[in-house]
2 protein chains.
Amino acid sequence: MTATYRDVKADILDKITQGIWPPGSLVPNETDLARSYDCARATVNRAMRELAEDGIIERRRKAGTRVRMAPVRQARFAIPIVRAEIEDQGAAYRYALVRRDIRAAPDWLRARLNLRDGGRVLHLVCMHYADGAPYQHEDRWISLDLLPKAAEADFTATGPNEWLVAAMPFSNAEISFLAVQADASLADHLGCAAGDALFRTERSTWWEGQAITFVRLTFRRGHRMTAQY
Amino acid sequence: MTATYRDVKADILDKITQGIWPPGSLVPNETDLARSYDCARATVNRAMRELAEDGIIERRRKAGTRVRMAPVRQARFAIPIVRAEIEDQGAAYRYALVRRDIRAAPDWLRARLNLRDGGRVLHLVCMHYADGAPYQHEDRWISLDLLPKAAEADFTATGPNEWLVAAMPFSNAEISFLAVQADASLADHLGCAAGDALFRTERSTWWEGQAITFVRLTFRRGHRMTAQY
DNA sequence: AGGGGCATTAAGTATAGACATATCTGCAAC
DNA sequence: GTTGCAGATATGTCTATACTTAATGCCCCT
């Protein structure tokens, strides 16, 4: 019946939320806590390490551990593949390729992805439907410098997203969320009025410092992205 | 010169990104890895536990550890206090209370927060400015059932957000991101045209199952929220 | 053939002890 | 006063070992 690291973590969190250890105060050191919970120091260490990761406490060698003044509030968003997102909602997924061309990267894209002069890119426009209704508009640019195979891939049946996670499963990315007004083309594809406010995510993806792809995903009217924390 | 858990983690990640252990494949078990890195099993365990948290691998007792087919892509967003967000950008922060009233919770709010019938709420409308320009419009509802002190707090000088993190530092929340069209009032406050697309976050906050507050934060035109991952 | 139970296996967690590393504090030298 | 060094101390990490827990898959019984 000795304390597990979960017990210790829960108890410490309790002491903090109940104000016994108020924000800014110094938490007892690991050795003392281990004694008071009658467990090994490693157990206390794991509990506290996780609390620090959660943004509840702040730890510094020698200085000790203190309760954060304002806990760092952070939310984790899972970035799903559209197909999975739609199917998880119990809707039928359908995909369509709207447009495909290969060209020199436009200036704005070169700037964004640090592409070399004269780099060629594959530009794709696709639509994703849920139960037949427009769900998401995808405007994607893939660097052919890094991924020449993309030029031969067939994107008429499956979306570039799925192809890319298979081709380059591990990469870094920067994602932004913003709001845009529907232009005529978006309004047409997404079945809304021009001028409607739409939710958009933009993502640049990199692999070992090299740009792979940039994508704009624009959602149907009224879409919201939600997370718990 | 024995391997640290960081070394092990980095090496395993390397093997995965370089395709030596392709997606779906089974990773050697902890005992074998410990032997091959010449370290304790606990060291391998920590490395693999972190990789699992990062969504790179998937672990199941007895079944072993496998490389995920598609790594779970997830982004962490820090949810800042507006003041800090603005000041971090090097801009001067200014706050203004636009409106304050106490009333019975409207139906839509009662439904959203599971408030009891006839629950009273404090309704605040505030503006946050960066270098004098409108930055964010805040439309906040605070449950007076749970936080009666809020009725006496002075929100003319500092925003409710800062008051709330001091009053209720630890709580759960649900956050949504969406796009809205500016109505006349928003357009006026944020200095944009009616109909403009604006980025909005909505957040409901709870403490021990009780609703504390609901807030709509609408940002100035062109705002984007960004995260790396 | 089908179903139940048990052995086996891999991860999950705990422990005591040790050493590493960062950094705060006070004291001493300039 | 300021700088720099040394000691003290809290966290960070590793090891070796042991026990726990979940799940697979095989064997045996029906």
Side-chain angles (χ1 to χ4, degrees), chain A residues 1-16 20-69 71-72 74 76, chain B residues 1-16 20-72 74:
Chain A
M1 281 299 289
T2 78
T4 69
Y5 82 93
R6 282 165 201 280
D7 298 336
V8 174
K9 186 177 175 184
D11 191 76
I12 293 175
L13 191 55
D14 258 23
K15 286 217 171 59
I16 293 174
I20 298 172
W21 293 342
S25 67
L26 199 63
V27 171
N29 71 42
E30 295 190 349
T31 313
D32 291 351
L33 283 174
R35 195 174 15 249
S36 81
Y37 289 114
D38 189 28
C39 67
R41 187 168 76 91
T43 305
V44 174
N45 182 276
R46 173 144 185 212
M48 302 247 272
R49 183 153 35 81
E50 291 196 0
L51 286 169
E53 260 170 36
D54 296 345
I56 307 289
I57 59 179
E58 217 175 350
R59 321 192 71 193
R60 259 165 56 226
R61 282 180 182 173
K62 161 75 186 172
T65 299
R66 32 184 85 248
V67 180
R68 289 192 103 105
M69 290 309 259
V72 174
Q74 46 189 4
R76 274 170 106 104
Chain B
M1 283 301 288
T2 78
T4 70
Y5 82 93
R6 281 164 203 281
D7 298 335
V8 174
K9 186 178 174 183
D11 191 75
I12 293 175
L13 192 54
D14 258 22
K15 287 217 169 62
I16 293 175
I20 299 171
W21 294 341
S25 67
L26 200 63
V27 171
N29 70 40
E30 294 190 350
T31 313
D32 291 351
L33 283 174
R35 199 178 8 255
S36 81
Y37 289 114
D38 188 28
C39 67
R41 187 168 75 91
T43 305
V44 174
N45 181 274
R46 174 146 184 207
M48 302 249 273
R49 183 152 36 82
E50 291 196 1
L51 287 168
E53 261 170 35
D54 296 345
I56 308 289
I57 60 180
E58 217 176 349
R59 321 193 72 194
R60 262 168 51 227
R61 283 179 181 174
K62 160 75 187 172
T65 299
R66 30 185 87 247
V67 181
R68 290 194 100 106
M69 290 309 262
V72 173
Q74 47 189 0

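Quick note on labels: first sequence line is chain A, next is B, and so on, each numbered from 1.
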Kindly compute the distance separating CZ (R59(B)) from CG (N29(B)), expressed to the nearest 0.5 Å. 10.0 Å
[X] side chain: which of [options] is closest?
X: T4(B); options: dT13(D), dA22(D), dT23(C); result: dT13(D)
X: R61(A); options: dT11(D), dG12(C), dC14(D); result: dT11(D)
X: R49(B); options: dT13(C), dT15(C), dA22(C); result: dT13(C)

Assess whether one donor atom and one acceptor atom, taken from the side chain of R41(A) and the base of dG17(C), lie less than 3.5 Å apart. no
NA contact type, [X], heavy-atom cut-off 4.0 Å: base, sugar-phosphate, or nothing?
X: R60(B); value: sugar-phosphate
X: T65(B); value: sugar-phosphate
X: R66(A); value: nothing

[X] [atom1] - [N] [atom2] separation (whole Å):
X: E58(B); N: dA22(D); atom1: CD; atom2: P; value: 18 Å
X: L51(B); N: dG12(C); atom1: CG; atom2: C1'; value: 16 Å
X: L33(A); N: dA10(D); atom1: CG; atom2: C1'; value: 12 Å
X: N45(B); N: dA10(C); atom1: CG; atom2: C1'; value: 11 Å
X: M48(A); N: dT13(D); atom1: CE; atom2: C1'; value: 15 Å
X: R35(A); N: dT15(C); atom1: CZ; atom2: P; value: 15 Å
X: R59(A); N: dA10(D); atom1: CZ; atom2: P; value: 12 Å
X: E30(A); N: dT9(D); atom1: CD; atom2: C1'; value: 12 Å

Mapping R46(A) and A63(A) onto DNA chain C by nearest heavy atom, which one lands closer to the 5' end? R46(A)
On DNA chain C, more 5' by nearest nucleotide between N29(B) and A42(B) is N29(B)
Quick one: does R66(B)'s side chain have a donor or acceptor within less than 3.5 Å of a partner on G24(B)'s backbone? yes
Side-chain donor/acceptor of D11(A) to backbone N/O of V8(A), under 3.5 Å: no
Of all the heavy-atom pairs spanning P22(A) and S25(A), show the shortest one and how long it is. O-OG, 2.7 Å
OP1 or OP2 of dT15(D) versus the side-chain N and O atoms of T43(B): is any pair under 4.0 Å? yes
Taking side chain as C-beta onward, heavy atoms only, is L33(A) less than 4.5 Å from V27(A)? yes
